[in-house]
Chemist: 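Have a look at the structure that comes next, please.
Starting from 1, each residue takes its place in the sequence as its number.
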Amino acid sequence: MLPRTRFAPSPTGLLHVGGVRTALFNRLFAKHSGGVFVLRIEDTDAVRSRREYEKAIMEDLAWLGLEWDEGPDKGGPFGPYRQSERLNIHLDYSKKLLNEDKAYYCYCSKERLRELKESRLRSGLPPRYDGRCRDGKPEGVPGNAAAIRFKVPDGKIEFEDMVHRRLSFEGAGMGDFIIIGSDNVATYNFAAAIDDSLMNITHVIRGDDHLSNTPRQIAVLNALGLEPPFYGHIPLVLSKDKTPLSKRDAALSVAALRENGYLKEAVLNSVARLGWSPGLRRVETPVNDLLTLNEMEILFNASALSKSPSIFDEESLKKYNRDAIAFASPESLYGLIAPEFKDMPREKLVYAIALAKNGAETTIEIGTRIKAVLKKPAWNESVCLLLSEERSKKILKTLAIEVLKTEKIDEASWKTVLAGLKKTDEKGKALFMPIRAALTGSIEGMEIENIARILGRDEILKRIKDGENACP
Ligand code: GLU
C-alpha cells in the first residue's frame, strides 16, 4: 500500500520552523514512495482557532512548495479535512464506545478535578483521574454529565516507533481520559486518532511532545476496532540556548523569515537538517549542500531520523540563504526586490540584482546594496579629504578619460578601463578607494566593477564631476 501521511496543524498561530519540519518530513516520507500527503486542519478549539491562521498556514506551506494532495481547499475521498466539520463523526464513535461499555459519562465538576490534580501533584504523583464515575453516576453528585471518558484497559500498549523502535506504556498508568468534553467536542487524542484512521493515514511523523498521546490514540483505535497508523516521534527542535523553540519566537515564523528576505530553498534546507541527514548523496547538487525538494524526496529515509535533539542554528540558515541567493537567477529574485525600485526599468534592475546578489545574506540585503550604489552620494568630510589628495585627483581624472572612451560599462569595457588606469601607477586599495569614495561617497561597499556596471557610463562621469565640485 502506498503511504499516506498528514500534516495536522491547529490554526491557533502562524506556521513556525518546527511545524515546517513536521510538514516537510511527512511530505518527504509520502513522496519518496509516490504516496499521498494530506492536510488536516485541527480546529476543534473554537476559542483559539482562527480562519486567518488556517489561511496563513496554507499560504506558507504553498510558498515553501509543500503542497498537499488532499485538504480542506482541495477536497479528497476522505473529507471533510477540517476537524470542526467532523464533530458528528467523533460523537458517533463516542456513542459506540459508550454502548460497548468502553467509555462512560463523567459528572465530576471542574473544581473536583482541579483539587484531585493538585493533591496528586502535592504528593509527587502525576495527575490522573481517579475513576470515580467509572461505574455510573456516584450517589449524591448533582448535575448532568460533564464529559465522556475513555475506560483505559489495563495492560501494556506497545508499538514500534519509526525513530525510537519498540515502546511500551502501561495502560493502568494513564488514567481514564476525556474523549468528549463538556462542550460536546472531541478532545485532541480522540479526534486525531479517529481521523487518522478514517483518512487511511499509514504513517504519522510528529514531535516527541506527542509521545505520551500516542498510546492513548492507539488504545482508542484498538477499542473501536480501527487500524492505527505507524508513528515516528522526532526530538523537539531546540534553540541555541537548548530551550525548546517556542511558537512565541516570532522571528522564526515562515511569514517573518519570508519578510526578512529568506528564500524557501534556505528555509527548507536548514529545516530538513533538523534531525535528518541526507547521508550519501545520490544526486549531484549544484551549490554546496543545497538540495531541491525533489532531491530530498529521493533521499529521504525515515531510518536516518535522529533520536537526539536538534538545534536550530540561524547561522546555518543564513549560510543556506547566501547559497540559495547566489544560485538563484536574477530574474527569479526580481519580484522580491522590484517593489522598492518602482521607477527602475526591469532590465536595469535585473542587471543590478545579478551584480549585487553574490554574498548577500538576504534578499533585503540585495536591495540595500543596490540602493547604496544608486543613492546620490553625500561626500562627507573624511571622504572629501581623501578626494582632494593629488593622487586621488589623478586617478579620477584618468578614470573619467577612460570611461569617456567607452560606449557603456560592461565586463569587457571595464577591463579596458582598468588597463587604462594602470597609467596612474597606483593599484589595489590605493587605486580603488578614491574611486569607490567618488562614486558612492563611502570607502566600503560592493566590488568596484559591480558598482561601475550598475551606475553605467554617464552616471560615473556625473559622479566624478559632482564629487570634485563637492570636495574642491
Ligand atoms: N494539531 C496537533 C498539533 O498541532 C497535531 C499533532 C499530531 O500531529 O497529531 O500539535
Chemist: Could Arg436 and Glu444 be called an ion pair, given the rule that one side-chain N must be under 4.0 Å from one carboxylate O?
Modeler: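 Glu444 and Arg436: not salt-bridged.
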Chemist: Does the side chain of Ser306 come under 3.5 Å of the side chain of Ser308 through a donor N or O and an acceptor N or O?
Modeler: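 Checked: Ser306/Ser308 side chains pair up, N/O donor to acceptor below 3.5 Å.
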Chemist: Checking the side chain of Glu340 only, and the main-chain atoms of Ile337 only, is there a donor and an acceptor separated by less than 3.5 Å?
Modeler: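 Looks like no, no N/O pair under 3.5 Å.
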Chemist: So, Asp195 versus His90: side-chain donor-acceptor pair below 3.5 Å or not?
Modeler: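 Note: Asp195 and His90 side chains meet the donor-acceptor criterion.
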Chemist: What I'd like to find out is whether the side chain of Pro330 reaches to under 4.5 Å of the side chain of Leu333, using heavy atoms alone.
Modeler: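 Side-chain contact under 4.5 Å: no.
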Chemist: Do Arg132 and Cys108 make a side-chain contact, defined as non-hydrogen atoms from C-beta onward lying under 4.5 Å apart?
Modeler: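 Yes, close enough: below the 4.5 Å cut-off.
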Chemist: Is it true that a side-chain atom of Thr22 and a backbone atom of Gly18 form a donor plus acceptor pair closer than 3.5 Å?
Modeler: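 A pair under 3.5 Å: yes.
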Chemist: Answer yes or no: is there a side-chain heavy-atom contact under 4.5 Å between Arg6 and Trp68?
Modeler: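 Side-chain contact under 4.5 Å: no.
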Chemist: Do Asp209 and His233 have side-chain N/O donor and acceptor atoms under 3.5 Å apart?
Modeler: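 No, no side-chain donor-acceptor contact under 3.5 Å.
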Chemist: Quick check: closest heavy atoms across Asp289 and Asn269, and the distance to 0.1 Å?
Modeler: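 Heavy atoms of Asp289 and Asn269 come nearest at O-OD1, 3.5 Å.
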Chemist: More than 12 non-hydrogen atoms from neighbouring residues, nucleotides or ligands closer than 6.0 Å to CZ on Phe169, yes or no?
Modeler: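 Enclosed: over 12 neighbouring heavy atoms sit under 6.0 Å from CZ of Phe169.
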Chemist: Taking the side chain as C-beta and beyond, is there a heavy-atom pair between Leu374 and Met344 under 4.5 Å?
Modeler: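 Of all side-chain heavy-atom pairs linking Met344 with Leu374, at least one is under 4.5 Å.
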Chemist: Quick check: are there more than 12 heavy atoms from other residues, nucleotides or ligands sitting under 6.0 Å from NZ of Lys318?
Modeler: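 More than 12 within 6.0 Å, yes.
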Chemist: Are there over 12 heavy-atom neighbours, none belonging to Lys55, within less than 6.0 Å of that residue's NZ?
Modeler: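 Not buried by this count: 12 neighbours or fewer within 6.0 Å.
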Chemist: Counting N and O atoms only, with roles assigned by atom type, does the side chain of Lys117 sit under 3.5 Å from a partner on the main chain of Pro127, one being a donor and the other an acceptor?
Modeler: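 Not at all, since once roles are kept as given, no pair shorter than 3.5 Å links the two residues.
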Chemist: Could you walk me through whether Arg149 and Ile179 pass the side chain to side chain contact (heavy atoms under 4.5 Å, CB included) test, one step at a time?
Modeler: CA-CA 5 Å; Arg149 283 187 188 271; Ile179 52 173; over 6 Å; no
Chemist: Taking the basic N atoms (NZ, or NE/NH1/NH2) and the acidic carboxylate oxygens, is any pair closer than 4.0 Å for Arg453 and Glu449?
Modeler: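 Judged by the 4.0 Å cut-off on N to carboxylate O distance, Arg453 and Glu449 do form a salt bridge.
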Chemist: Taking all non-hydrogen atoms of both residues, which atom of Pro72 and which atom of Tyr81 are closest, and how far apart?
Modeler: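 Minimum heavy-atom contact is N-CB, 3.5 Å.
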Chemist: Determine yes or no for a side-chain-to-main-chain donor-acceptor pair under 3.5 angstrom, with Lys31 supplying the side chain and Gly35 the backbone.
Modeler: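 Yes, Lys31 side chain to Gly35 backbone: donor-acceptor pair under 3.5 Å.
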Chemist: Hey, does the side chain of Asn26 reach the backbone of Phe7 with a donor-acceptor pair shorter than 3.5 angstrom?
Modeler: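 Between the backbone of Phe7 and the side chain of Asn26 there is no qualifying donor-acceptor contact (under 3.5 Å).
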Chemist: Side chains of Glu361 and Asn321: is there a donor and an acceptor less than 3.5 Å apart?
Modeler: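 Glu361 vs Asn321: no donor-acceptor pair found between side chains.
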Chemist: Check this for me, if you would: do Lys307 and Asp208 make a salt bridge, where the nitrogen-to-carboxylate-oxygen distance has to be below 4.0 angstrom?
Modeler: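 Not counted as a salt bridge, because no side-chain N and carboxylate O are separated by less than 4.0 Å.
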Chemist: Hey, can you tell me if Phe300 and Phe29 have their rings parallel, tilted or perpendicular (30° and 60° cut-offs)?
Modeler: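 Plane angle over 60°, so perpendicular.
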Chemist: Can you name the closest pair of heavy atoms from Leu291 and Pro278 and give their distance?
Modeler: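 Closest heavy-atom pair between Leu291 and Pro278: CD1-CG, 3.7 Å.
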Chemist: When you check the gap from the basic side-chain N to the acidic O, do Glu100 and Lys96 get nearer than 4.0 Å?
Modeler: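 Counted as a salt bridge, because a side-chain N and a carboxylate O are separated by less than 4.0 Å.
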Chemist: Val17 and Leu274: side chain to side chain contact (heavy atoms under 4.5 Å, CB included), yes or no, with the steps?
Modeler: CA-CA 10 Å; Val17 165; Leu274 297 172; 3.9 Å; yes
Chemist: Counting only heavy atoms not in Glu259 (residues, nucleotides, ligands), do more than 12 fall under 6.0 Å from its CD?
Modeler: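 It does not: Glu259 CD has 12 such atoms or fewer within range.
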Chemist: Less than 4.5 Å apart, side chain to side chain, heavy atoms only: is that true for Arg21 and Val237?
Modeler: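 Yes, side chains in contact.
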Chemist: Looking at Val152 and Gly171, what are the two nearest heavy atoms and their distance?
Modeler: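 Looks like CG1-O, 3.4 Å.
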Chemist: Apply salt bridge (charged side-chain N to carboxylate O under 4.0 Å, His left out) to the pair Arg134 and Asp176, showing each step before the final yes or no.
Modeler: CA-CA 9 Å; Arg134 225 179 202 235; Asp176 296 342; 2.6 Å; yes
Chemist: Quick one: do Glu365 and Arg369 make a salt bridge, cutoff under 4.0 Å?
Modeler: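 Looking at Arg369 together with Glu365, the answer is yes, because their closest N to O distance falls below 4.0 Å.
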Chemist: For the residue pair Arg50 and Tyr53, establish whether any side-chain heavy-atom pair is separated by less than 4.5 Å.
Modeler: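 SC-SC contact between Arg50 and Tyr53 confirmed.
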Chemist: Do Arg114 and Glu111 sit within salt-bridge range, that is, some charged N less than 4.0 Å from a carboxylate O?
Modeler: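 Here Arg114 does not pair with Glu111 in a salt bridge, since their nearest N and O are not under 4.0 Å apart.
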Chemist: Taking CG in Asp92 as the centre, count heavy atoms belonging to other residues, nucleotides or ligands within less than 6.0 Å. Is the count above 12?
Modeler: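 It does: Asp92 CG has more than 12 such atoms within range.
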Chemist: Less than 6.0 angstrom from the centroid, inside 45 degrees of the normal: does Arg258 satisfy that with respect to the ring of Trp63?
Modeler: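 So Arg258 does make the cation-pi contact.
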Chemist: Can you tell me if Ser332 uses its side chain to pair, donor with acceptor, with the backbone of Ser329 under 3.5 Å?
Modeler: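 Flag set: sc Ser332 to bb Ser329 pair under 3.5 Å.
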Chemist: Ion pair present between Arg40 and Glu70, side-chain N to carboxylate O less than 4.0 angstrom?
Modeler: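 Judged by the 4.0 Å cut-off on N to carboxylate O distance, Arg40 and Glu70 do not form a salt bridge.
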Chemist: Look at the side chain of Arg86 and the backbone N and O of Arg82, then say whether any donor-acceptor pair between them is shorter than 3.5 Å.
Modeler: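 Checked: no pair found.
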Chemist: Does any N or O in the side chain of Asp43 come within less than 3.5 Å of the main-chain N or O of Ser84, such that one atom is a donor and the other an acceptor?
Modeler: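 Confirmed, Asp43 side chain pairs with Ser84 backbone.
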Chemist: Pair Glu67, Arg27 - check salt bridge (charged side-chain N to carboxylate O under 4.0 Å, His left out), show working.
Modeler: CA-CA 8 Å; Glu67 287 289 349; Arg27 191 181 188 281; over 6 Å; no
Chemist: We want to know whether Glu42 and Ser10 form a side-chain donor-acceptor pair, criterion being a heavy-atom distance below 3.5 angstrom.
Modeler: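 Absent: no donor and acceptor within the cut-off.
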Chemist: Do Val204 and Gln217 have side chains that approach each other closer than 4.5 Å (heavy atoms only, starting at C-beta)?
Modeler: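 Not touching, per the 4.5 Å side-chain cut-off.
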Chemist: Answer yes or no: is there a side-chain heavy-atom contact under 4.5 Å between Phe190 and Leu97?
Modeler: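 With C-beta onward as the side chain, the pair touches.
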Chemist: Please check this pair: side chain of Ser316 against backbone of Phe312, looking for a donor-acceptor N/O pair closer than 3.5 Å.
Modeler: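 It does not hold such a pair.
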Chemist: With the threshold set at 4.0 Å, does a side-chain nitrogen-carboxylate oxygen contact exist between Arg112 and Glu115?
Modeler: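 Glu115 and Arg112: not salt-bridged.
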Chemist: May I ask you to check whether Asp241 and Thr243 show a side-chain donor-acceptor distance below 3.5 Å?
Modeler: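 Yes, because at least one side-chain N or O of Asp241 sits under 3.5 Å from a partner of the opposite role on Thr243.
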Chemist: For Lys137 versus Pro142, what's the shortest heavy-atom pair and its separation?
Modeler: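 Closest approach of Lys137 to Pro142, heavy atoms only: NZ-C, 4.5 Å.
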Chemist: Taking the six-membered ring for Trp, are Trp276 and Phe25 parallel (under 30°), tilted (30 to 60°) or perpendicular (over 60°)?
Modeler: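 Perpendicular, since the angle between the ring planes exceeds 60°.
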Chemist: Cationic tip of Arg216 within the cone over Phe177's six-membered ring, i.e. under 6.0 Å and within 45° of the normal?
Modeler: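 Judged by the rule, Arg216 and Phe177 form a cation-pi pair.
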Chemist: Is the side chain of Ser49 donor-acceptor paired with the backbone N or O of Pro11 at a distance under 3.5 Å, no angle test?
Modeler: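 Judged by distance alone, no pair lies under 3.5 Å.
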Chemist: Working note: Lys151 + Asp135, criterion salt bridge (charged side-chain N to carboxylate O under 4.0 Å, His left out); need CA distance, chi angles, decisive distance, verdict.
Modeler: CA-CA 10 Å; Lys151 253 187 199 175; Asp135 303 314; 5.1 Å; no
Chemist: Distance to the ring centre below 6.0 angstrom and angle to the axis at most 45 degrees; does that hold for Arg206 and Tyr231?
Modeler: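 Because its charged atom misses either the 6.0 Å distance or the 45° angle limit, Arg206 does not stack over Tyr231.
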Chemist: Please test Lys319 against Asp323 for salt bridge (charged side-chain N to carboxylate O under 4.0 Å, His left out), starting from the C-alpha separation and ending with a verdict.
Modeler: CA-CA 6 Å; Lys319 175 185 105 45; Asp323 291 347; 3.6 Å; yes
Chemist: Take Asp60 and Leu66 through the test side chain to side chain contact (heavy atoms under 4.5 Å, CB included) and record every step on the way to the result.
Modeler: CA-CA 9 Å; Asp60 288 344; Leu66 301 178; over 6 Å; no
Chemist: Does the side chain of Asp45 come under 3.5 Å of the side chain of Tyr188 through a donor N or O and an acceptor N or O?
Modeler: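 No - no donor-acceptor pair under 3.5 Å links their side chains.
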Chemist: Between Glu158 and Lys156 (salt bridge meaning N to carboxylate O under 4.0 Å), is one present in this structure?
Modeler: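 No, Glu158 and Lys156 are not salt-bridged.
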Chemist: Dump the intermediate steps for side chain to side chain contact (heavy atoms under 4.5 Å, CB included) on Leu24 and Leu293, then the final yes or no.
Modeler: CA-CA 9 Å; Leu24 175 67; Leu293 207 45; 3.7 Å; yes
